[in-house]
There are 2 protein chains.
Amino acid sequence: MIVLPCHCMNLRNAARKVSALYDAALEPLGITIAQFSLLRRVERLGPVSLTELGRVTDHDRSTIGRNVRLLEKMGLLAQGKGKDQRETMVTLTAEGRRVLAEGAPLWDACQARIEDRLGLERIAAIADILTAL
Amino acid sequence: MIVLPCHCMNLRNAARKVSALYDAALEPLGITIAQFSLLRRVERLGPVSLTELGRVTDHDRSTIGRNVRLLEKMGLLAQGKGKDQRETMVTLTAEGRRVLAEGAPLWDACQARIEDRLGLERIAAIADILTAL
DNA sequence: ACTGATTTGGTGTATATACCCGCTTATGAT
DNA sequence: ATCATAAGCGGGTATATACACCAAATCAGT
């Protein structure tokens with residue numbers, strides 16, 4: 001892949017390519033790395049509102065709402081009203097838990113492969129970018 | 001922004017955030033950093049086919065075709081048939097050249113700000129990722 | 001020259017993402 | 001209790017991106 005002068009495009013291209021690798025690794029699950037990551041978030045946070053999910057992932061609420069809806073249609077997440085009738089509370093389904101369990105070793109392998117290819121130096125740099133922004 | 005264990009999501013999030021900064025910087029032009037970058041590619045390569053653009057940018061042909069179509073509607077790019085009647089040749093319009101000229105200092109400023117915030121170390125790491133993949 | 005394989009694009013479909021607007025529900029100040 | 005304000009969501013619209021499939025054009029081997 002050609003390296004451009006533009007740091008932004010280089011980042012985008014790197015994210016695109018790395019995403020394709022993770023997506024391929026998770027292919028047996030029928031979900032993408034973005035969806036896998038969202039499932040894990042819900043697993044971690046327990047019943048959680050869309051707004052809260054958006055806050056912790058730093059995504060637009062509408063983005064989260066749409067992504068959750070897809071996972072709901074797949075039977076991996078469930079939505080219900082909370083005490084506050086405005087809030088949509090999101091929870092993991094049994095099937096969602098199963099997919100997470102099945103996916104864990106796939107994700108691990110891909111993650112390890114990436115660490116191998118990039119080296120700890122660059123891996124650390126990626127994390128640093130987020131904190132430096 | 002929270003740092004995740006998943007290197008892929010960290011890269012995606014970094015790309016999302018950095019893109020937002022570049023997009024904001026180019027906002028006076030009415031185009032995004034992805035579009036700006038594509039315009040520059042066409043400027044560099046001169047009349048170029050969609051397939052060739054896809055190859056050099058490592059994007060799917062259909063993605064390029066759609067992105068070019070948008071820039072064509074904005075009057076910044078023009079499409080025409082080549083000697084090979086299958087090929088669509090893409091060229092920069094006068095207006096496209098104007099936008100590139102107007103955008104150059106905006107891009108420069110944003111690029112410099114990013115270099116400042118991230119430091120040359122991390123900037124180099126980003127470029128390295130692409131070559132390491 | 002003909003025919004089968006390849007190349008080039010376009011379209012349909014899908015995910016990921018953001019912004020804006022409008023509706024519903026909760027909260028807080030009087 | 002009332003009413004203005006704020007919070008939470010959904011839907012519309014838009015860009016960026018990929019994959020699969022189809023049609024047209026070209027090319028290569030006979």
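The sequence lines fix the lettering, A, B, ..., with proteins before strands; numbering per chain opens at 1. The shown structure was predicted, so the numbers you read here are calculated from the model rather than taken from an experiment.
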> Is it true that B:R98 and B:E95 make a salt bridge, defined as a side-chain N closer than 4.0 Å to a carboxylate O?
Replying inline: yes

>> What I want to find out is whether A:R55 reaches A:E52 closely enough, with some N-O distance under 4.0 Å, to be called a salt bridge.
In response: yes

> Should A:L77 and A:T91 be marked as a side-chain contact (heavy atoms from CB on, under 4.5 Å) after you check the CA-CA gap, both sets of side-chain angles, and the distance that decides it?
Replying inline: CA-CA 6 Å; A:L77 288 181; A:T91 53; over 6 Å; no

> If we ignore angles and hydrogens, is there a donor and acceptor under 3.5 Å between the side chains of B:R12 and A:S19?
Replying inline: yes

> According to a strict under-4.0 Å criterion, is A:R12 in side-chain N/O contact with OP1 or OP2 of D:dT17?
Replying inline: yes

>> Distance check needed: C:dT25 P versus A:K83 NZ, whole Å only.
In response: 18 Å

>> Output the rounded distance in Å from CG (A:N13) to P (D:dA16).
In response: 13 Å

>> Classify B:T88 by what it touches in the nucleic acid, base, sugar-phosphate, or nothing, heavy-atom distance under 4.0 Å.
In response: sugar-phosphate

>> Can you tell me whether the side chain of B:R61 and the base of C:dG9 have a donor-acceptor pair closer than 3.5 Å?
In response: yes

> For B:E52 and C:dT7, what is the distance between atoms CD and C1' respectively, to the nearest whole Å?
Replying inline: 13 Å

>> Using a 4.0 Å heavy-atom cut-off, does B:T32 contact any base of the nucleic acid, only the sugar-phosphate backbone, or nothing at all?
In response: sugar-phosphate

> Between C:dA16 atom C1' and A:D23 atom CG, what is the distance in whole Å?
Replying inline: 11 Å

>> With a 4.0 Å cutoff (strictly under), does any side-chain N or O of A:R66 reach OP1 or OP2 of C:dT15?
In response: no

>> Pair A:L29, A:E102 - check side-chain contact (heavy atoms from CB on, under 4.5 Å), show working.
In response: CA-CA 8 Å; A:L29 303 180; A:E102 191 184 336; 3.7 Å; yes

> OP1 or OP2 of D:dT15 sitting under 4.0 Å from any side-chain N/O of B:N67?
Replying inline: no

>> Below the 4.0 Å mark, does D:dA16 have OP1 or OP2 next to a side-chain nitrogen or oxygen of A:R16?
In response: no

> What is the distance, rounded to the nearest whole Å, between atom CG of A:D60 and atom P of D:dT15?
Replying inline: 17 Å

> Between A:I33 and B:L50, which is nearer to the 5' end of DNA chain C once each is assigned its nearest nucleotide?
Replying inline: B:L50

>> Between P on D:dG8 and CD1 on A:I64, what's the gap in Å once rounded to a whole number?
In response: 14 Å

>> If you go through the side-chain atoms of A:S62, does one of them form a donor-acceptor pair with the base of D:dC9 closer than 3.5 Å?
In response: no

> Does B:R69 make a side-chain N or O approach to OP1 or OP2 of C:dG10 shorter than 4.0 Å?
Replying inline: no

>> Let's go through A:E72 and A:N67 carefully: what are the C-alpha distance in whole Å and the side-chain angles of both, what is the deciding distance for side-chain contact (heavy atoms from CB on, under 4.5 Å) to 0.1 Å, and is it a yes or a no?
In response: CA-CA 9 Å; A:E72 188 193 21; A:N67 292 351; over 6 Å; no

>> Please confirm whether the shortest side-chain N or O distance from B:Q35 to OP1 or OP2 of D:dA16 is below 4.0 Å.
In response: yes

>> Please report the distance, rounded to the nearest Å, between CZ in B:F36 and P in D:dT15.
In response: 18 Å

>> Base, sugar-phosphate or nothing for A:D84? Non-hydrogen atoms, less than 4.0 Å.
In response: sugar-phosphate

>> Between P on C:dT15 and CG on A:L71, what's the gap in Å once rounded to a whole number?
In response: 10 Å

> Going by modelled atom types, is there a donor-acceptor pair between the base of D:dA24 and the side chain of B:R86 at under 3.5 Å?
Replying inline: no

> Reckon B:R55 touches a base, only the sugar-phosphate, or nothing at all at heavy-atom distances under 4.0 Å?
Replying inline: nothing

>> Need to verify one output field. Residue with the more 5' nearest nucleotide on DNA chain D, B:L70 or A:K17?
In response: B:L70

